[in-house]
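Here the structure is laid out as structure tokens; the discussion comes afterwards.
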Amino acid sequence: MKHLHIALWGVLPYLALVVLAAGTAWRYRYDRFGFTTRSSQLHESRLLRVGGPLFHYALFLVIGGHVMGLLVPESLTRWLRISEEQYHAVALTMGGTAGVAAVVGLGVLLYRRVRVPAVRGATSRSDRVTLPLLALVLLAGLTATVSSMTNPYDYRLGVAVWFRSLFTLDPDVGAMAHAPLVYQVHALLALTLFALWPFGRLVHAFTAPLGYAARPYVVYRSRGRAAAPAHPALSAAPGRTPRTPAGRTGRT
């Protein structure tokens with residue numbers, strides 16, 4: 001089992017990262033026009049207006065919770081005089097609420113993609129794999145959050161230590177190998193999702209329109225005030241004789 005643990009928690013994360021980076025660069029190089037959400041709003045908008053914002057806003061909260069839980073060490077919260085009871089109460093309340101909202105929002109979007117024929121027809125083969133996989137990742141993470149109510153396991157002393165050790169290129173395999181099964185399943189599903197990320201519609205997460213914040217204003221003119229286009233024969237420069245369509249000089 002020791003070699004399996006090294007492969008899963010010491011080698012697989014870096015392989016997933018390489019595939020994510022290389023796949024994204026390849027997709028941007030050879031499929032730049034496909035580097036988009038492939039929006040299906042024209043096919044159906046009622047369910048999309050409900051599931052889209054609910055899923056995306058909740059997902060932002062879920063990502064923020066992971067950043068706080070995995071990157072912020074326990075010593076820092078202790079220095080900030082935040083007790084473990086307070087930290088876990090906030091994490092359970094906020095993380096659980098955001099996780100449920102993300103699962104519900106994604107459920108609405110998947111239901112829409114299955115039940116609406118036009119949307120189902122616009123779904124690529126890669127999306128048929130990545131979207132259900134994303135649902136499994138969220139469900140596994142939500143299960144891990146709920147299990148913390150009865151399981152005394154402190155993920156900040158295990159999973160978080162392993163995650164931070166990846167950035168030092170010295171993975172703490174034992175920290176993850178001794179984590180509960182639900183946390184291991186959640187991590188493996190997430191690594192698989194990251195490896196498949198560049199090959200489906202999830203790649204649009206890297207195309208946030210940040211440039212709109214710095215671009216100049218676009219000035220529009222009213223259609224009613226737009227001047228009617230002049231006839232080519234009347235648009236000649238002053239002092240020059242206009243020419244007829246046949247190329248002859250017109251008489252005045």
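Below, all heavy atoms of this structure are taken into account, side chains as well, without hydrogens, waters or symmetry copies.
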Angle between ring planes, Trp26 versus Phe199, binned at 30° and 60°: parallel, tilted or perpendicular? tilted
Is there a path of hydrophobic side-chain contacts, each under 4.5 Å between heavy atoms of I/L/V/M/F/W/Y residues, joining Val173 to Leu70? yes
Rounded to the nearest 0.5 Å, how far apart are CG of Leu138 and CG of Leu189? 10.5 Å
Treat each ILVMFWY residue as a node, draw an edge where side-chain heavy atoms are under 4.5 Å apart, and state whether Leu142 and Leu193 are in one component. yes
Using side-chain heavy atoms (C-beta onward) and a distance below 4.5 Å, is Val161 in contact with Arg164? yes
Give me the atom names and distance for the closest heavy-atom approach of Gly69 to Ala160. O-CB, 3.6 Å
Please determine whether side chain to side chain contact (heavy atoms under 4.5 Å, CB included) holds for the pair Arg27 and Thr24, giving the CA-CA distance in whole Å, both sets of side-chain angles, and the decisive distance to 0.1 Å. CA-CA 5 Å; Arg27 179 80 179 271; Thr24 303; 5.7 Å; no
How long is the straight-line distance from CG of Leu131 back to OG1 of Thr123, given to the nearest 0.5 Å? 7.5 Å
From Thr192 atom OG1 to Leu134 atom CG, the distance as rounded to the nearest 0.5 Å: 12.5 Å
Where the side chain of Arg112 meets the backbone of Gly51, is there a donor-acceptor pair that is under 3.5 Å apart? no
With side chains defined as the heavy atoms from C-beta onward, is the minimum distance between Leu106 and Leu59 less than 4.5 Å? no
So which heavy atom on Leu61 is nearest to which on Ala98, and how close? CB-CB, 3.7 Å
Separation of Leu17 CG from Leu12 CG (nearest 0.5 Å): 11.0 Å
In the single-linkage hydrophobic clustering (I, L, V, M, F, W, Y; side-chain heavy atoms under 4.5 Å), do Leu109 and Val116 co-cluster? no
Is it the case that more than 12 heavy atoms not belonging to Tyr111 sit under 6.0 Å from its OH atom? no
Under 4.5 Å between side-chain heavy atoms, hopping through other hydrophobics if needed: is there a path connecting Leu136 to Val100? yes
Do Ser148 side-chain atoms and Thr145 backbone N/O form a donor-acceptor pair below 3.5 Å? yes
Could you give the distance from CG (Leu202) to OG1 (Thr130), rounded to the nearest 0.5 Å? 4.5 Å
Any chance CZ of Phe194 has more than 12 other-residue heavy atoms, nucleotides or ligands included, within less than 6.0 Å? no
Indicate yes or no for a side-chain donor-acceptor contact from Glu74 to the backbone of Leu157 under 3.5 Å, with no hydrogens or angles considered. no
Honestly curious: do Met94 and Tyr57 fall in one hydrophobic cluster under the side-chain, below-4.5 Å linking rule? no
Can you see which heavy atom on His66 is nearest to which on His186, and at what distance? NE2-NE2, 3.6 Å
Output for pair (Leu166 CG, Met176 CE), nearest 0.5 Å, gives 9.5 Å
Smallest heavy-atom separation, His56 atom then Gly52 atom, equals ND1-O, 2.8 Å
Would a 4.5 Å heavy-atom cut-off, applied to side chains only, mark Leu92 and Val146 as touching? no
Side chains of Leu196 and Ser126 in contact at under 4.5 Å (non-hydrogen atoms): no
Is it the case that more than 12 heavy atoms not belonging to Arg128 sit under 6.0 Å from its CZ atom? yes
Polar side-chain atom of Trp162 near backbone of Gly174 as donor-acceptor pair, under 3.5 Å: no
Do the ring planes of Phe167 and Phe163 sit parallel (below 30°), tilted (30 to 60°) or perpendicular (above 60°)? perpendicular
Keeping the roles fixed (side chain from Arg120, backbone from Arg113), state whether a donor-acceptor pair exists under 3.5 Å. no
Side chain of Asp127, backbone of Arg201: donor and acceptor closer than 3.5 Å? yes
Closest non-hydrogen atom pair, Arg156 against Pro73: NH1-O, 3.8 Å
Looking at Thr168 and Ser165, would you say the former's side chain and the latter's main chain have a donor-acceptor pair under 3.5 Å? yes
Whether Tyr155 and His88 hold their rings parallel, tilted or perpendicular, with breakpoints at 30° and 60°: perpendicular
From CA spacing to verdict: side chain to side chain contact (heavy atoms under 4.5 Å, CB included), Tyr14, Leu169: CA-CA 9 Å; Tyr14 297 108; Leu169 302 182; 3.8 Å; yes
Heavy atoms only: give me the nearest Trp9-Pro171 pair and the separation to one decimal. O-CB, 3.8 Å
